[in-house]
Amino acid sequence: MKHSLFGGKAYSSLIRTLFYQTLGTLGVSALIILSLRMLLHGKLADSLTRILCKICNVDWETGLLLYQRYIRSNYTTIVLIVVLIVFIVLFRISLSWFTRYFDQIVTGIDQLSNEVDEPIVMSPKLKFIETALNESNQKLRMRKKEALNAEQRKNELVVYLAHDIKTPLTSVIGYLSLLEETPDMEAAQKKRYTHIALKKAYRLESLINEFFEITRYNVNDIPLNQSNVDLQFMLVQITDELHPQFMSHGNEVKISIPEDVTICCDPDKMARALNNILKNAVAYSYPNTAITIDCEKVTDSIHISFCNRGQTIPEEKLSTLFEKFYRLDKARASKTGGAGLGLAIAKEIILRHKGTITAHSENDTVVFVVTLPLADS
């Protein structure tokens, strides 16, 4: 920190101005008294003696003695008192000039609270406050814009999900109606209709779960029930659960995690985060390609990388992958069935575990890197 007579702070210029203004007012006060004394030299004593004679109703000689005893002998004290009175009057006047700075601050705060588009402008002495208010105004505008964009994406997805719920529901009702109306239907056809109805019912369940995700997404006060977890065992379990999706898309999962890697986490929530990352890898990978999971220990943390072969993600879109309700490919919405929450939820869970998640993409390869602290040994 920079040290100086005025503390080296951002508002040192303002303090310096007030200091010099006060010093100047004191000097002007003394100068006024000295000037008056010089102008009234030889006349002031006579004037004061006459005043004493009138007030005390005494002759000139007695008035002169009173002047010598009470005024002349206390001359220095009287001058200081007069200087102080003049200083107070002048300082009060100068404060009226100084308060214009506070008027500018109040005006700037009003502009900030009223979300005025024009930049806040103040005098050079208040440049530090002008900068701070303009930065705050910019942050507030960006947050408002982000909130509006998120709300718009959320509304669009709610409409999409509401529309998509109707499609599988109609199919389920249709096929179940056929089964009920045709009791003597051939076994093969009945099996086919039952399979289609069940598939549509699963799709309907998935969409309803999306609604629950949207509703619960902002509930951030759920506590973490942490314990030491074997990372390899957790990933094997997750990949086993997702095996049908890997098979249907022709993906092969290759896990290369040492057996002695232990992390401290909430098992359910961390499994959900890693599950979401893997589901995203399946949804956006090329068919019949491998998805690899590797890890690397770095001091007291572990870097877990999820790599899949898929369309290269442009650099400008990598930072938006973890935004809630964001879809990289809206045209594949019905196929992937996601509401754009998977990676956002994964990021939130990882951050709550004091970890990080980043994305990289080039040459038809997409890599997500999750960094988590290792469990204390």
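What you are looking at is a predicted structure, and each value in this text was computed from that prediction instead of being measured. Sequential numbering from 1 along the given sequence is applied to the chain's residues.
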If you apply the rule side chain to side chain contact (heavy atoms under 4.5 Å, CB included), what do you find for Met270 with Val229, and how did you get there?
CA-CA 10 Å; Met270 186 55 65; Val229 176; over 6 Å; no
Begin with the C-alpha distance, continue with both residues' side-chain angles, and end with the deciding distance and a verdict on side chain to side chain contact (heavy atoms under 4.5 Å, CB included) for Leu318 and Ser361.
CA-CA 8 Å; Leu318 286 173; Ser361 182; 4.2 Å; yes
Test log, rule side chain to side chain contact (heavy atoms under 4.5 Å, CB included), inputs Leu140 and Leu112:
CA-CA 9 Å; Leu140 289 173; Leu112 181 64; 3.9 Å; yes
Thr107 vs Asp110, test: side-chain hydrogen bond (donor to acceptor under 3.5 Å, both in side chains). Steps then yes/no.
CA-CA 5 Å; Thr107 301; Asp110 286 340; 5.5 Å; no
Let me see the working for Thr239 and Ile291 under side chain to side chain contact (heavy atoms under 4.5 Å, CB included), right down to the final yes or no.
CA-CA 11 Å; Thr239 53; Ile291 298 173; over 6 Å; no
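In this structure, Asp364 contributes its side chain and Arg309 its backbone to no donor-acceptor pair below 3.5 Å. Judged by distance alone, the side chain of Thr182 and the main-chain N or O of Leu179 form no donor-acceptor pair under 3.5 Å. For the pair Gln104 (side chain) and Met122 (backbone), a donor-acceptor distance under 3.5 Å is absent. Looking only at distances, a side-chain donor or acceptor of Asn134 sits under 3.5 Å from a matching main-chain atom of Ile120.
Between Val172 and Ala197, the shortest heavy-atom contact is CG2-O, 3.6 Å. Of all non-hydrogen atoms in Thr312 and Asn363, the two that sit nearest each other are OG1-N, 3.6 Å. Across Cys295 and Ile302, no two heavy atoms sit closer than the pair SG-CD1, 3.6 Å. When all heavy atoms are compared, the tightest approach of Gln232 to Pro258 is CB-O, 3.9 Å. Here the closest heavy-atom approach between residue Thr371 and residue His303 is recorded as OG1-ND1, 2.9 Å. Heavy atoms only, all atoms of each residue included: Cys264 and His353 are closest at O-CD2, 4.2 Å.
Leu198 and Leu178 are members of different hydrophobic clusters when ILVMFWY side chains are connected at heavy-atom separations under 4.5 Å. Note on Ile277: it does not cluster hydrophobically with Val367, by side-chain heavy-atom contacts below 4.5 Å among ILVMFWY residues. There is no path of hydrophobic side-chain contacts, each under 4.5 Å, that joins Val369 to Val261.
When side chains are defined from C-beta on, Asp268 does not count as touching Asn225, because their heavy atoms never get closer than 4.5 Å. Within the 4.5 Å cutoff, no side-chain heavy atoms of Leu204 are placed close to those of Lys200. Counting heavy atoms from C-beta on, the side chains of Arg50 and Trp60 come closer than 4.5 Å. Side-chain contact between Leu235 and Phe306: present, with at least one pair of heavy atoms (C-beta onward) separated by less than 4.5 Å. Side-chain contact between Asp300 and Pro373: absent, with no pair of heavy atoms (C-beta onward) separated by less than 4.5 Å.
For the pairing with Leu231, the side chain to side chain contact (heavy atoms under 4.5 Å, CB included) check across Ile257, Ile255, Val236 returns one residue only, Ile257.
Salt bridge present: Asp260 and Lys297 bring a charged side-chain N and a carboxylate O closer than 4.0 Å.
Note: Tyr193 and Tyr175 meet the aromatic proximity criterion, with ring centroids under 6.0 Å apart.
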